[in-house]
Structures are given as structure tokens and as C-alpha cells.
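Have a look at the structure below, then the notes.
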Amino acid sequence: MAGVTTEKRSRARPLSPHLQIYRPMINMVMSILHRISGAALYFGSLLLAVWLLAAATGPDQFQFVNWLFSTWPGIVVLVGYSWALILHMLGGLRHFIWDTGRGFDIGTVDLLGWATAILSVLLTAALWIYIASQQGWFAAWA
């Protein structure tokens, strides 16, 4: 292509398809959620470190951090952290199954993806229902 600049040649080539043309599949969604939950665990680990630091510092600081986590925004953050932890753990188990060389057919990939998503929500709900019952939160509604 004599006389054609590099810029003109690169514009003439077809572009790679963008994510907008792909139909979201459960394995794509779970891959993205696994990465997001992994990043969320960094934030949650900082919260755990703050809680442990407050426990080591003294009873007033520990009481303040416990109070902070017991507010509605604090509970929402803790529920989100526990969901991210459970989702990431189940995603890790899904990857462990794949590491054994099993579960690569489309049906099993879809089943494991849906199971990870549904079980993470159910286990998080069960955990927080248990916590609420132990804390006596249901007594306030009765």
C-alpha cells in the first residue's frame, strides 16, 4: 500500500466487537462478580482491621466501632461484606472444580454459575437471619 499512511490503514481495518453486542451469560456475570467481590473483600478487610485495632486499643474505642457497625449503614455494609465473602468463596469452589478438570461442558458451567449466585444469596440471608435471631432483632417486630 504505497502512499497510504499508517493512520488510514488502521482505520480501514474492521474493529473488534464490543461488549455491547454480546448477550450476557451466567459465566460472564459470575466472572465479573467474582472480581468485584474480590475487590470488595479488600475494603472489608480494612473494616476488620479497624475493629481489631479498636479492640486492642481500649473498651471505649471498641464500643464506638461496635456502635458504628450496628447502625443501619453499618449493617448494610456488613451484609454486603458477608455476601461478597460467601460469593467469592463459592466462586473459588467453582474454580476448584474446574481445576480438577471437571465441569467444562456448557450445562455444568451454567449450573455452577447459577448455583453460585443463588447459594450466595441464600447463605447470606441464612447467616443474617441467624444473627438477627441471636441479637433479638425479631423481638422488636413482634
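Below, all heavy atoms of this structure are taken into account, side chains as well, without hydrogens, waters or symmetry copies. For the single chain, residues carry numbers from 1 onward in sequence order.
Under the 4.5 Å side-chain heavy-atom criterion for ILVMFWY residues, no single connected hydrophobic cluster contains both Ile32 and Leu112. When the side chains of ILVMFWY residues are joined at heavy-atom separations under 4.5 Å, either directly or via intervening members, Leu48 and Val50 end up in a single hydrophobic cluster. Hydrophobic clustering (ILVMFWY, side-chain heavy atoms < 4.5 Å, transitive): Leu47 and Val79 are in one cluster. Note: the hydrophobic cluster containing Phe69 does not contain Tyr81 (ILVMFWY, side chain heavy atoms under 4.5 Å, direct or indirect links). Both Ile75 and Val65 are members of a single hydrophobic cluster when ILVMFWY side chains are connected at heavy-atom separations under 4.5 Å.
Within 6.0 Å of the CH2 atom in Trp137, the count of heavy atoms belonging to other residues, nucleotides or ligands exceeds 12. By the 6.0 Å contact criterion, OH on Tyr130 is open, its count of non-hydrogen atoms from other residues, nucleotides or ligands being 12 or less.
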Pair Thr71-Trp67, side-chain contact (heavy atoms from CB on, under 4.5 Å): steps then yes or no: CA-CA 7 Å; Thr71 63; Trp67 170 82; 3.9 Å; yes
Assess the residue pair Thr124 and Val121 against the criterion (side-chain contact (heavy atoms from CB on, under 4.5 Å)); give the C-alpha distance rounded to whole Å, side-chain angles, the decisive distance to 0.1 Å, and a yes or no. CA-CA 5 Å; Thr124 303; Val121 172; 5.9 Å; no
Stepwise side-chain contact (heavy atoms from CB on, under 4.5 Å) check, Leu33 with Thr116: CA-CA 11 Å; Leu33 285 177; Thr116 300; over 6 Å; no
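Of all non-hydrogen atoms in Phe138 and Ile129, the two that sit nearest each other are CE1-O, 3.6 Å. Closest non-hydrogen pair, Gly103 versus Val109, comes out as O-CG2, 3.3 Å. Taking both residues in full, the closest heavy atoms of Ala84 and Ala40 are given as CB-CB, 4.1 Å, listed atom of the first, atom of the second, then distance. Here the closest heavy-atom approach between residue Ser82 and residue Leu127 is recorded as CB-CD2, 3.9 Å. Looking at every heavy atom in both residues, Trp83 comes nearest to Ser120 through NE1-OG, 3.1 Å.
The closest side-chain heavy-atom distance from Leu87 to Met30 is below 4.5 Å. Between Leu78 and Ile131, every side-chain heavy-atom pair lies at or beyond the 4.5 Å cut-off.
Below 30°, between 30° and 60°, or above 60°: for His34 and His95 the angle between ring planes is between 30° and 60°, a tilted geometry. Relative orientation of the Trp51 and Phe62 rings is tilted, given thresholds of 30° and 60° on the angle between their planes.
With values rounded to the nearest 0.5 angstrom, Asp99 atom CG is found 11.5 Å from Arg94 atom CZ. The CG atom of Leu52 lies 10.5 Å from the OG1 atom of Thr57; values are rounded to the nearest 0.5 Å. We find the OG1-CD1 distance between Thr108 and Ile97 to be 9.5 Å, quoted to the nearest 0.5 Å. Remark: Leu85 CG to Leu90 CG distance equals 9.5 Å, nearest 0.5 Å.
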